[in-house]
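In what follows, a structure is listed as structure tokens, so that the remarks can point back to it.
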Amino acid sequence: MTDDRPGGHPREDERMLQVASQMPLLESVPADAAAQVEDIFRAHADFVWRALRRQGVSEADVEDAVQEVFLVVYRKVGEYVEQGSIRAWLFTISRQVANHYKRSFARRERKQQALMEEPVRHRDQLDAPEVAEAVAVVNAFLAGLGEDQATVFHLVEVEGLTAPEVAASLGVNLNTVYGRLRLARQRFEQMLAERAKQEL
Amino acid sequence: VTEPEMSQQAREILKRYRSAESLGSEARARVLTGLRAKIATGTPALGATKASLLSKVASAGKTKLILGALAVAVPAAWTIHRSQSSVDYTLRTATPEVPAAPAVTAPAVAAQPESARAPKALGDEPYRSAATSDVDVAPEVAASETEGAPSEARSATKRSAGAQRAQGATANTGVTPKAVVLEESPEEAPAPAAPASTLDQEMQLLKRAQVAQASGRSSDALSILAEHAKQFPNGKLAESREVARVIALCQSGQTQAARSARDRFLATRPNSPFASRVRSVCAEK
């Protein structure tokens, strides 16, 4: 008798049912959400990667964090309001995920371990010297800049967002964005000029 | 506005930087595969994130504790790190992005009634602001359910079970949602200010069905689902609706109807991510 009841006694079934009944709607995301997410991923994975790195997510964690961002996208893609900029929206999510990563204990520990080991390289090709230099220069520059200016500079000059998009994403006045951008640009040019002098 | 353009050299460097700072194609494939797997198996997106954020909302004290410990942990991690990024970390810890936080949350929650309340919550505790914006789905449910029957409160508890687990104590007490509600309270009515898109409307119907179902009112759930079927026969959430319908039918005791709905679902959508779940509904002994 019990053989043909894989779930054991009926109570088990009832419980399963109860659990099941609560779940599907929890996942009530658009039917094509998965496809949408993949499209967004293809178009913006690098953007998200950089946003996370800029927000301080370590190289060891960044892959996980990228995945987490897109899981949030999957969940919320139905709520996304079309009129905004998708990148501004992604940036907002990335920031939240990055904050989570920075605060998470377990991950922090894991990261420390990972750092002890060989640093993870995600890039396919070895960077050419001038590219490696560019990375070093820009990272150093952004690190030395105040957070506000660095964020604006990164979003506009590296990612190509428009100033109004940045203003919307950060929730600051458009003129503030232009102001920060101008200062950051000046500083960047200054730094390059100084570097050029040193090299002579 | 014509901003002074950057020099040729500056633009070139930024271009190189951008090309190098990216997900390599291998990592890209890995992430995409993992993403697909998680989506297909219905792994609750945000499981961990939401859990810890929720617990943070519920207990601000804890947040401080975590941050305090981080202050120790970060420099430690960073000394091992390579030179430039290390500066990065310190800076960031010293100034945890306070100024931008409030408005950043706005676009994400724009479609939701809570957005009006966001700035208020931000005033006292910057970290919480990040949290509130991200928790928007779960507490919303919690808020609408706490004012109802205790059984509803319990289901809310269950739903955010992950969060409660992270929090440790108080899990099954039905009191816990209140802690969340403190932050999320003002509105119960799911009436977004923004003009609702069809998808929003669909979502709302299904949410209502979900609430009815979770509180044991299967027949209410079924009529809401029928309403959805009438308004959006081929809506974006049609699949979710059918899943919900199969389950609601089964729970309301209409076993025969549930089974035929189930079989129809499985026949028409054999590759649905919900297929395995649907298969187990009202399973023949």
Closest non-hydrogen atom pair between A:Ala134 and B:Arg16, with its separation: CB-CB, 3.6 Å
Inter-residue atom distance B:Arg11.CZ - A:Phe188.CZ, 0.5 Å rounding: 12.0 Å
Nearest atoms (heavy-atom pairs only) where B:Leu14 meets A:Glu157: CD1-CB, 3.8 Å
Nearest heavy-atom neighbours spanning B:Tyr17 and A:Val135: CD1-CA, 3.7 Å
Region of A:Phe41 in contact with chain B, defined by heavy-atom distances below 4.5 Å: both
Value rounded to 0.5 Å, distance of CE in B:Met6 from CG in A:Leu192: 7.5 Å
Inter-residue atom distance B:Leu23.CG - A:Glu63.CD, 0.5 Å rounding: 6.5 Å
Contact summary for A:Gln67 and B:Leu35, nearest pair of heavy atoms: NE2-N, 3.4 Å
Side chain / backbone / both / neither for A:Glu159 at chain B, heavy atoms under 4.5 Å: both
Which atoms of A:Glu189 approach chain B - backbone, side chain, both or neither, heavy atom under 4.5 Å: side chain
salt_bridge(A:Asp46, B:Arg28) N-O dist < 4.0 Å: yes
Portion of A:Gln186 that has a non-hydrogen atom of chain B nearer than 4.5 angstrom: neither
Check ion pair A:Arg53-B:Glu21 (N to O, under 4.0 angstrom): no
Lys/Arg N to Asp/Glu carboxylate O, B:Arg36 vs A:Glu38, below 4.0 Å: yes
Best-contacting candidate, A:Met191, A:Glu133, A:Arg42, against chain B by heavy atom pairs under 4.5 angstrom: A:Arg42
Chain B contact via A:Val48 - which portion, at a heavy-atom distance below 4.5 Å: neither
